[in-house]
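Just so you know, ligand 1 is whichever comes first in the structure, and atom 1 is the first atom listed for that ligand.
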Amino acid sequence: VLFALAFFVVLAILGARAIARKRRERPALAEFTVAGFADVDRQVSGQRRCACGRRFDVDGEGPRKSKDGSERWGVNLVCVCGRRRTLLFVVAN
Ligand SMILES: [Zn+2]
């Protein structure tokens, strides 16, 4: 009985870890339409609050290709808690 109990405890711990890892690795993607690149910084600073209450750090940014040829600017945000967010800016003409 003790062995079976320990087995289930290990299974539960492994399951919880796998779910937590999956949630951490999947970046939340948000897309915004801006009038110009000047608006990107303003939008990013307004989106930097993480669900844990801390602030996201900018992990990297750069142009993103899109199928329809429109200009896009991607900003990767990462928090110390492990959450990630990707902001995608579409520059409207
Ligand atoms: Zn966080």
Checking Asp39 now: which residues fulfil salt bridge (Lys or Arg N to Asp or Glu O under 4.0 Å) with it, not counting sequence neighbours? Arg42
Just by distance, do the side chain of Arg48 and the backbone of Phe56 share a donor-acceptor pair under 3.5 Å? yes
Could you list the residues that satisfy side chain to side chain contact (heavy atoms under 4.5 Å, CB included) with Ile13, not counting sequence neighbours? Val9, Arg17
Are Trp73 and Val91 close enough that some pair of their side-chain heavy atoms sits under 4.5 Å apart? no
Side chain to side chain contact (heavy atoms under 4.5 Å, CB included) with Arg64: which residues, sequence neighbours excluded? Arg72, Asn76, Thr86, Leu88
Using a cut-off of 2.8 Å, how many protein N, O or S atoms sit around the Zn ion (ligand 1)? 4
Heavy atoms, side chains only, cut-off 4.5 Å: are Leu87 and Gln43 in contact? no
